[in-house]
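What follows is a set of notes on a single structure, which appears directly below.
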Amino acid sequence: MVKLTAVQIWKYNGPDKDPFLLGSAADLSSFGFFQRGTVGEMLTFVGRTVARKTQVGQRQTVQQEEYYCHVQNKDGLVGIAFVDADYPVRAGFCVVSKVLEDFVLLKGEAWRGATADAPGEAQALLQDALQKYQNPEAADKLAKIQRDLDETKIILHKTIESVLDRGEKLDHLVDKSADLSMASQLFYKQARKANSCCRFM
């Protein structure tokens, strides 16, 4: 099942200092009740480690067991999305970009003054994003367009197949038709032999 497990925002403090947590939201409902605390702590630990190792302007994907961590450092503001293996990579990075963009619109440049973890800064924003982007198509409009095109292509193939099935019976109808003169029937048969495109008639 496609799952967005957690979204985090960090302030990058360089590769030698731990970043500051500016917000985190996680859906741990798929874990056992007694595991949730440990899983939450692991998400924070992995997030802090990956945020520290992601340089300004860099995007990367890190695998941690069966989860993928999509990370982007945009001018010192780091966004992270923890997803399962079925969540599309492009959609994961779209979630990260959108969350960072929304955070800057909401808070401006005030995050640059952070001197310690302040996880409440983006809590509501990230909780909304976590719910909204459980479906990867909500994050990645191109994926939705691709799915729509795939559905259209399937319908088109079904239509062509049904025409071909009908085309096989068309020969019998032409032979029996009283609406076609002998000249038209002869023209149809000769055209069909000479040109395969007439099979769609």
Side-chain angles (χ1 to χ4, degrees), residues 1-13 15 19-31 36 39-40 42-112 114 117-154:
M1 180 177 168
V2 177
K3 177 106 172 127
L4 173 62
T5 303
V7 185
Q8 300 174 342
I9 296 180
W10 299 83
K11 178 192 174 198
Y12 180 71
N13 291 319
F20 298 137
L21 181 63
L22 300 178
S24 178
D27 177 7
L28 305 179
S29 60
S30 62
F31 298 97
R36 292 178 187 172
V39 172
M42 279 302 294
L43 289 171
T44 301
F45 169 74
V46 171
R48 191 179 305 274
T49 303
V50 171
R52 183 168 39 94
K53 298 292 185 182
T54 306
Q55 298 176 2
V56 175
Q58 185 180 14
R59 288 175 22 156
Q60 64 179 337
T61 299
V62 178
Q63 184 178 3
Q64 173 64 25
E65 296 178 9
E66 68 268 12
Y67 292 95
Y68 289 85
C69 179
H70 301 298
V71 189
Q72 179 180 359
N73 186 333
K74 188 174 181 182
D75 197 29
L77 189 63
V78 180
I80 301 177
F82 289 91
V83 299
D84 67 5
D86 296 328
Y87 203 92
V89 173
R90 188 173 65 212
F93 279 113
C94 286
V95 169
V96 171
S97 293
K98 185 68 175 146
V99 162
L100 291 176
E101 181 181 305
D102 290 348
F103 182 76
V104 170
L105 286 173
L106 184 67
K107 299 290 183 177
E109 297 293 314
W111 61 270
R112 292 189 186 278
D117 285 352
E121 285 290 311
Q123 189 67 32
L125 171 80
L126 295 178
Q127 198 63 44
D128 290 345
L130 189 65
Q131 291 174 355
K132 181 178 180 182
Y133 299 127
Q134 283 301 322
N135 179 358
E137 291 178 1
D140 186 3
K141 300 298 182 191
L142 287 177
K144 182 181 182 316
I145 292 169
Q146 183 64 46
R147 182 184 52 94
D148 292 345
L149 286 174
D150 289 344
E151 286 177 3
T152 303
K153 187 167 60 172
I154 290 168

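Numbering starts at 1 and runs along the sequence shown.
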Side-chain heavy atoms of H70 within contact of V89, under 4.5 Å:
yes
CD of Q58 to CD of Q72: how many Å apart, nearest 0.5 Å?
10.5 Å
Which residue in the set V78, D117, L22 passes side chain to side chain contact (heavy atoms under 4.5 Å, CB included) when paired with K11?
L22
Which atom of A81 lies closest to which atom of L4, heavy atoms considered:
CB-CD1, 4.1 Å
Measure the spacing between CD1 of I80 and CG of N73 and express it to the nearest 0.5 Å.
9.5 Å
Minimum heavy-atom separation for A122 to I9, with atom names?
CB-CD1, 4.2 Å
Mind listing the closest non-hydrogen atom pair of F93 and Q60 along with its distance?
CZ-O, 3.5 Å
4.5 Å side-chain heavy-atom contact, V96 and K74
no
Is there a side-chain contact between F82 and V46 in this structure, where contact means two heavy atoms from C-beta onward sitting under 4.5 Å apart?
yes
Test log, rule side-chain contact (heavy atoms from CB on, under 4.5 Å), inputs Y87 and V95
CA-CA 11 Å; Y87 203 92; V95 169; 3.5 Å; yes
For L43, does its backbone N or O pair with a side-chain atom of Q8 as donor and acceptor, under 3.5 Å?
yes
When rounded to the nearest 0.5 angstrom, what is the spacing between CG in D75 and CZ in R112?
4.5 Å
Interatomic spacing from CZ in F31 to OG1 in T5 - rounded to 0.5 Å
5.5 Å
Could you report the tightest heavy-atom contact between L130 and A25, atom names first, then the distance?
CD2-C, 3.9 Å
For W10 against A51, the heavy-atom pair lying closest together
CG-CB, 3.8 Å
Taken to the nearest 0.5 Å, the spacing of D128 CG from D102 CG works out to 9.5 Å
S29 and K3: which non-hydrogen atoms are nearest, and at how many Å?
OG-NZ, 4.3 Å
Interatomic distance, CZ@R59 vs OG1@T54, rounded to 0.5 Å, equals 12.0 Å
Any donor-acceptor pair under 3.5 Å from Q123 side chain to S24 backbone:
yes
Are any of the side-chain heavy atoms of Y12 and Q55 separated by less than 4.5 Å?
yes
Take atom OH of Y68 as the centre, draw a 6.0 Å sphere, and report whether it contains more than 12 heavy atoms from other residues, nucleotides or ligands.
no
